[in-house]
Participant: 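Take a look at the following structure, please.
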Protein chains: 2
Amino acid sequence: MFKVKVFITLRESVLDPQGSAVTTSLHALTYDEVQDVRIGKYMELTLKKNEKDVDARVKEMCEKLLANTVIEDYRYEIEEVIPS
Amino acid sequence: MFKVKVFITLRESVLDPQGSAVTTSLHALTYDEVQDVRIGKYMELTLKKNEKDVDARVKEMCEKLLANTVIEDYRYEIEEVIPS
């Protein structure tokens, strides 16, 4: 079994209005040290082990469904879990 | 300056309809090895250095604004960045 952590972030050049709203709210709560907030998605996938190459399969999933590669970047970490 | 990565996930006991929808879509795309998907949020904060304890401040931000602790768990990583 594999546990896969996928991190999806907006590309550097893309505006992040949700992040700006959070920055403003944090300032209103007196957290003035906050300079910037960028908001992305975090997904945890549980995959069954099969004969296919898990790295290639996860990359395909990101490209086809999980990330919008026009405006988003993605990276992932794969960890094999031995069920006890 | 500090770069803070915040990971917000739904608590184990809370249903994740968005994750279920993604699981169904991945199955439709023939990724049958996917057993479960949980979707959370990922935030990158940039903080100015000041005299306050950054760990305590980030914890407060999570508790007060970033996470809904009734249904969500959070964890964070703080990294000091020396501007070059």
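Lettering of chains follows the sequences in order, A, B, ..., and the numbering in each one begins at 1. Heavy atoms only: backbone and side chains are in, while hydrogens, waters and symmetry mates are out.
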Participant: For the CD atom on B:E80, are there more than 12 heavy atoms of other groups (residues, nucleotides or ligands in this structure) within a distance under 6.0 Å?
Facilitator: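 Yes, enclosed.
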
Participant: Would a hydrophobic clustering, with Ile, Leu, Val, Met, Phe, Trp and Tyr connected at side-chain separations under 4.5 Å, put B:L45 with B:Y76?
Facilitator: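 Yes; B:Y76 is reachable from B:L45 via cluster members.
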
Participant: Looking at A:V22, A:T9, A:L26, which has the largest count of heavy-atom pairs under 4.5 Å with chain B?
Facilitator: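 Looking at each option in turn, the highest pair count goes to A:L26.
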
Participant: Identify which of A:K64, A:K41, A:M1 forms the greatest number of heavy-atom pairs closer than 4.5 Å to chain B.
Facilitator: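 Looking at each option in turn, the highest pair count goes to A:K41.
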
Participant: So what's closer than 4.5 Å to chain B heavy atoms on A:K3: side chain, backbone, both or neither?
Facilitator: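 Contact with chain B: none, neither part.
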
Participant: Can you hop from A:I39 to B:L65 via hydrophobic side chains spaced under 4.5 Å?
Facilitator: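 They do share one cluster, since a chain of ILVMFWY contacts under 4.5 Å joins A:I39 to B:L65.
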
Participant: Would you say A:I8 and A:I78 are hydrophobically clustered, going by side-chain heavy atoms of ILVMFWY under 4.5 Å?
Facilitator: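 Yes, A:I8 and A:I78 fall within the same hydrophobic cluster.
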
Participant: Find the distance between CE (A:M43) and OH (B:Y42) and round it off to the nearest 0.5 Å.
Facilitator: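 Rounded to the nearest 0.5 Å, the CE-OH separation comes out at 13.5 Å.
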
Participant: Quick check on the structure: residues of residues 28-36 of chain B within a heavy-atom distance below 4.5 Å of chain A, by number.
Facilitator: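 Contacts with chain A: B:L29, B:T30, B:Y31, B:D32, B:E33, B:V34, B:Q35, B:D36.
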
Participant: Can you get from A:F2 to B:V37 by hopping between Ile, Leu, Val, Met, Phe, Trp and Tyr side chains that sit under 4.5 Å apart?
Facilitator: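 Yes, because A:F2 and B:V37 connect within a single hydrophobic cluster, where side-chain heavy atoms sit under 4.5 Å apart.
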
Participant: Heavy-atom cut-off 4.5 Å, strictly under: side chain, backbone, both or neither for A:Q18 against chain B?
Facilitator: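 Neither the backbone nor the side chain of A:Q18 comes within 4.5 Å of chain B.
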
Participant: For A:T23, is it the side chain, the backbone, both or neither that has a heavy atom under 4.5 Å from a heavy atom of chain B?
Facilitator: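 No part of A:T23 comes within 4.5 Å of chain B.
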
Participant: Give the cluster check for A:V54 versus A:M61: same hydrophobic cluster or not, with ILVMFWY residues linked at side-chain heavy-atom distances below 4.5 Å.
Facilitator: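 Shared cluster, yes.
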
